[in-house]
Amino acid sequence: MVDKKDSIWVLNGPNLNLLGLREPDIYGHETLDDIAEMLSERADALGLSIEMRQSNHEGHLIDWLHEAQGAGAKAVLLNAAAYTHTSIAIYDAILAITTPVIEVHLSNPETRESFRSVSWVGKAAHANISGLGAKSYLAALEAAASL
Ligand code: DQA
């Protein structure tokens, strides 16, 4: 029998489909596909698999958090983008599941506009990695692998 790999779900919120084009001075030149490829390569080496998703809709992120738990994901890496700063529904969804959630950001929201200093995701998440560009995702994957 072939062992099924533990999966890490990587959930991405609004406007992250435009990565590479969107404010590259803040978010870098890598696309979400580039990040997915980088994560898959590293996950392979760690004996893990990646489930990568993006939506511009809050409810999709909530449904996927529930689904990740149902699917037995080892951890979720969540870049909720602007919903980070506004969504109590996503905060509740993180608290509603036992799967560890690691908050990820490309930029460091703390050093930007003051409204980005509030993170509802961060109040519920297990850990937080920000400010390393696309490498924030890689660092979060390493952290998830070690949980
Ligand atoms: C972001 C930071 C958020 O404040 C912003 O709304 C985003 C991207 C990041 O990855 O740096 O859309 O989550």
Side-chain angles (χ1 to χ4, degrees), residues 6-46 48-71 73-147:
D6 280 341
S7 66
I8 307 290
W9 285 43
V10 186
L11 305 182
N12 297 280
N15 303 306
L16 293 172
N17 53 312
L18 297 181
L19 272 189
L21 299 172
R22 176 192 180 203
E23 299 180 272
D25 44 321
I26 297 176
Y27 298 119
H29 292 276
E30 277 115 331
T31 65
L32 208 54
D33 282 348
D34 295 335
I35 293 174
E37 198 180 313
M38 179 182 81
L39 289 175
S40 290
E41 271 174 27
R42 184 62 191 134
D44 235 23
L46 292 166
L48 297 167
S49 70
I50 296 290
E51 175 70 28
M52 183 88 171
R53 299 188 183 181
Q54 188 277 331
S55 176
N56 294 325
H57 305 276
E58 186 177 16
H60 289 163
L61 296 170
I62 293 164
D63 289 344
W64 292 342
L65 284 163
H66 300 171
E67 195 185 331
Q69 157 138 305
K74 180 175 169 64
V76 174
L77 313 187
L78 174 62
N79 186 349
Y83 288 136
T84 303
H85 316 299
T86 61
S87 178
I88 293 169
I90 292 176
Y91 165 85
D92 277 345
I94 296 168
L95 293 179
I97 63 173
T98 53
T99 312
V101 173
I102 301 181
E103 177 186 16
V104 179
H105 298 286
L106 296 136
S107 66
N108 181 354
E110 286 292 335
T111 63
R112 301 178 60 196
E113 301 95 325
S114 58
F115 62 81
R116 294 186 206 275
S117 293
V118 175
S119 172
W120 290 101
V121 168
K123 289 181 198 299
H126 185 82
N128 156 331
I129 298 179
S130 303
L132 304 174
K135 292 208 172 78
S136 291
Y137 285 83
L138 215 46
L141 174 60
E142 299 293 340
S146 71
L147 288 176

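Note: hydrogens, waters and symmetry copies are ignored here, and every other heavy atom, side chains too, is used. Note that ligands are numbered from 1 as they come in the structure, with each ligand's atoms numbered from 1 the same way.
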Residues Ala144 and Ile102: closest non-hydrogen pair is N-CD1, 3.8 Å
Only distances under 3.5 Å count here; give the side-chain donor-acceptor pairs of residues 133-143 to other protein atoms, sequence neighbours excluded, each with its distance to 0.1 Å.
{"from": "Ser136", "atom 1": "OG", "to": "His105", "atom 2": "O", "distance (Å)": "2.8"}
{"from": "Ser136", "atom 1": "OG", "to": "Leu132", "atom 2": "N", "distance (Å)": "3.0"}
{"from": "Ser136", "atom 1": "OG", "to": "Gly133", "atom 2": "O", "distance (Å)": "3.3"}
{"from": "Tyr137", "atom 1": "OH", "to": "Asn12", "atom 2": "OD1", "distance (Å)": "2.6"}
{"from": "Tyr137", "atom 1": "OH", "to": "Asn79", "atom 2": "ND2", "distance (Å)": "3.1"}
{"from": "Glu142", "atom 1": "OE1", "to": "Arg42", "atom 2": "NH2", "distance (Å)": "3.3"}
{"from": "Glu142", "atom 1": "OE2", "to": "Arg42", "atom 2": "NE", "distance (Å)": "2.5"}
{"from": "Glu142", "atom 1": "OE2", "to": "Arg42", "atom 2": "NH2", "distance (Å)": "3.3"}

The ring-ring contact (aromatic ring centres under 6.0 Å, His included) partners of His57 (sequence neighbours excluded) come to His60
Considering only N or O atoms, set out every pair between ligand 1 and the protein closer than 3.5 Å, with distances to one decimal place.
{"from": "ligand 1", "atom 1": "4 (O)", "to": "His85", "atom 2": "NE2", "distance (Å)": "2.7"}
{"from": "ligand 1", "atom 1": "4 (O)", "to": "Arg116", "atom 2": "NH1", "distance (Å)": "2.9"}
{"from": "ligand 1", "atom 1": "6 (O)", "to": "Ala82", "atom 2": "N", "distance (Å)": "3.2"}
{"from": "ligand 1", "atom 1": "6 (O)", "to": "Arg116", "atom 2": "NH1", "distance (Å)": "3.0"}
{"from": "ligand 1", "atom 1": "10 (O)", "to": "Asn79", "atom 2": "ND2", "distance (Å)": "2.9"}
{"from": "ligand 1", "atom 1": "10 (O)", "to": "Leu106", "atom 2": "N", "distance (Å)": "2.8"}
{"from": "ligand 1", "atom 1": "11 (O)", "to": "Leu106", "atom 2": "N", "distance (Å)": "3.3"}
{"from": "ligand 1", "atom 1": "11 (O)", "to": "Ser107", "atom 2": "N", "distance (Å)": "2.8"}
{"from": "ligand 1", "atom 1": "11 (O)", "to": "Ser107", "atom 2": "OG", "distance (Å)": "2.6"}
{"from": "ligand 1", "atom 1": "12 (O)", "to": "Arg22", "atom 2": "NH1", "distance (Å)": "3.1"}
{"from": "ligand 1", "atom 1": "12 (O)", "to": "Arg22", "atom 2": "NH2", "distance (Å)": "2.9"}
{"from": "ligand 1", "atom 1": "13 (O)", "to": "Asn79", "atom 2": "OD1", "distance (Å)": "2.8"}
{"from": "ligand 1", "atom 1": "13 (O)", "to": "His105", "atom 2": "ND1", "distance (Å)": "2.8"}

Smallest heavy-atom separation, His66 atom then Ala93 atom, equals NE2-CB, 4.1 Å
Sequence neighbours excluded, the answer for ring-ring contact (aromatic ring centres under 6.0 Å, His included) partners of Tyr83 is none
Scanning both residues in full, the closest heavy-atom pair of Val121 with Ala80 reads CG2-CB, 3.8 Å
